[in-house]
Amino acid sequence: LAHFERSFNPIVTDGVYRVIIKITDDPALFGNIEHREGVLIFNKYFDIESFEKESIESKKLKILNLILNSVIELCDTYGWCKNNFIAAYEKVIGDNFKNHYIYKSKWNRKKILQAKIFCEHESDFFRCSLIVDNKDGVVIFKSVLFDTKPQEYKFNERLGNISWINNDTLKFTNVFESKEFAIS
């Protein structure tokens, strides 16, 4: 879901700013749409019992298909353009479900080293690393800043900023900690 959401370019939805797909096994709720102050809650059937028996790869594809099919239904209902949803789906597939991305980057003053906060968001872990490479893209330094569970509330507050103190000293700061790294 996070990969799909990160890959999605927003569309005009006439006052809807969030869609929640709520899975249910209650037939009375199938297809029910609740609209609450700009939030759509769309109830969809999902067989969680058989889902739990699937492989990780199969689970990822099933969830991604559930997301796409649900938003396509909402597009049909509300007259929204489907292209951005389909593009986000194709991006996740094209990335082979690898949700790896650069959160922030910053060049040093001489523009010869670039520091990057690199995130690996998988279904079973979230890893945040600091990577420094040169102008040619050669990695000269890498350090894991933290590992945690893959839920946003666990890692969002631990993401932070990077700043160059001078041309070869880098500082990572978040609300909990500050670390300095000498880069050579």
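Being a predicted model, the structure only gives us computed values, none of them experimental.
Ionic pairing of Glu177 and Lys179 is present here: one or more N-O contacts between side-chain nitrogen and carboxylate oxygen are shorter than 4.0 angstrom. A salt bridge links Asp76 with Lys82; the closest basic N to acidic carboxylate O contact falls under 4.0 Å.
For the pair Lys59 and Phe51, the distance from NZ or CZ to the six-membered ring centre is under 6.0 Å and the angle to the ring normal is within 45 degrees.
Closest of all the heavy-atom pairs between Phe85 and Phe4 is O-CE1, 3.5 Å. In terms of heavy atoms, Gln114 sits closest to Trp107 at NE2-NE1, 3.5 Å. Shortest non-hydrogen contact noted between His100 and Glu122 is NE2-OE2, 2.6 Å. Considering every non-hydrogen atom in both Thr169 and Asn166, the closest pair reads N-OD1, 2.9 Å. In this structure, Ser7 and Val92 approach most closely via the heavy-atom pair OG-CG2, 4.4 Å. Nearest heavy-atom pair across Phe172 and Ile162 is CD1-CG2, 4.2 Å.
Taking a 6.0 Å sphere around CD of Glu52, one finds it holds more than 12 heavy atoms contributed by other residues, nucleotides or ligands. Within 6.0 Å of NZ on Lys106 lie no more than 12 heavy atoms contributed by other residues, nucleotides or ligands. Atom CD of Glu49 is surrounded by 12 or fewer heavy atoms from other residues, nucleotides or ligands within 6.0 Å. By the neighbour-count criterion of 12 heavy atoms within 6.0 Å, atom NZ of Lys104 is densely surrounded, having more than that number from other residues, nucleotides or ligands. For NZ of Lys98, the number of neighbouring non-hydrogen atoms (other residues, nucleotides, ligands) closer than 6.0 Å is 12 at most. Within 6.0 Å of atom CZ in Arg6, more than 12 heavy atoms from other residues, nucleotides or ligands are found, so the atom counts as buried in its surroundings.
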I would like to know whether Tyr103 and Phe118 meet ring pair (Phe, Tyr, Trp, His ring centres under 6.0 Å); could you show each step before the answer? CA-CA 6 Å; Tyr103 175 71; Phe118 180 70; over 10 Å; no
Worked check of salt bridge (charged side-chain N to carboxylate O under 4.0 Å, His left out) between Glu73 and Lys44: CA-CA 11 Å; Glu73 268 187 73; Lys44 292 294 291 181; 2.4 Å; yes
Before giving the answer on ring pair (Phe, Tyr, Trp, His ring centres under 6.0 Å), spell out for Phe141 and Phe181 the whole-Å C-alpha distance, their side-chain angles and the decisive distance to 0.1 Å. CA-CA 9 Å; Phe141 178 85; Phe181 300 90; 5.5 Å; yes
Under the side chain to side chain contact (heavy atoms under 4.5 Å, CB included) rule, what do Cys128 and Ile117 come out as? Steps first, then yes or no, please. CA-CA 7 Å; Cys128 181; Ile117 296 177; 3.4 Å; yes
Applying side chain to side chain contact (heavy atoms under 4.5 Å, CB included), run through Asn32 and Thr24 and close with a yes or a no. CA-CA 11 Å; Asn32 184 31; Thr24 182; over 6 Å; no
As a quick check of understanding, evaluate side chain to side chain contact (heavy atoms under 4.5 Å, CB included) for Val132 and Lys116, giving each step before the final call. CA-CA 6 Å; Val132 178; Lys116 301 172 185 173; over 6 Å; no
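The backbone N or O of Lys110 sits less than 3.5 Å from a side-chain atom of Asn167, completing a donor-acceptor pair. With hydrogens and angles disregarded, a donor-acceptor distance shorter than 3.5 Å links the side chain of His121 to the backbone of Pro150. Between the side chain of Ser129 and the backbone N or O of Ile131 there is no donor-acceptor pair closer than 3.5 Å. The main-chain N or O of Leu66 is found under 3.5 Å from a side-chain atom of Ser70 such that the two form a donor-acceptor pair. Although no hydrogens or angles enter the test, the distance criterion places a donor-acceptor pair under 3.5 Å between the side chain of Asn84 and the main chain of Asn9. Judged by distance alone, with hydrogens and angles left aside, the side-chain atoms of Arg109 form a donor-acceptor pair with the main-chain N or O of Ile165 at under 3.5 Å. Asn174 places a side-chain N or O within 3.5 Å of a backbone atom of Phe176 that can act as its donor or acceptor partner. Asn108 places a side-chain N or O within donor-acceptor distance of the main-chain N or O of Ile112, the cut-off being under 3.5 Å. With Asp26 contributing its side chain and Ala28 its backbone, the two residues share a donor-acceptor pair below 3.5 Å.
Hydrophobic clustering (ILVMFWY, side-chain heavy atoms < 4.5 Å, transitive): Ile63 and Phe30 are in distinct clusters. Both Ile11 and Tyr78 belong to a single network of hydrophobic side chains, linked directly or stepwise wherever heavy atoms of I, L, V, M, F, W or Y lie under 4.5 Å apart.
Between Ile48 and Asp25 the shortest side-chain heavy-atom distance does not fall below 4.5 Å. Asn43 is not listed as a side-chain neighbour of Ile21, based on a closest heavy-atom distance of 4.5 Å or more. The side-chain heavy atoms of Arg127 and Cys119, taken from C-beta on, include no pair separated by under 4.5 Å. Side-chain contact between Leu40 and Arg18: absent, with no pair of heavy atoms (C-beta onward) separated by less than 4.5 Å. Val39 places a side-chain heavy atom less than 4.5 Å from the side chain of Ile20. In this structure the side chain of Asp133 never reaches within 4.5 angstrom of the side chain of Leu113, judged on heavy atoms. Thr148 has its side chain within reach of Arg158: a pair of non-hydrogen atoms, C-beta onward, lies under 4.5 Å apart. Residues Phe126 and Leu159 are in side-chain contact: their nearest non-hydrogen atoms beyond the backbone lie under 4.5 Å apart.
The distance from atom NZ of Lys62 to atom OG of Ser55, rounded to the nearest 0.5 Å, is 9.5 Å.
Asn65 and Tyr89 form a side-chain donor-acceptor contact under 3.5 Å, judged by distance and modelled atom types alone.
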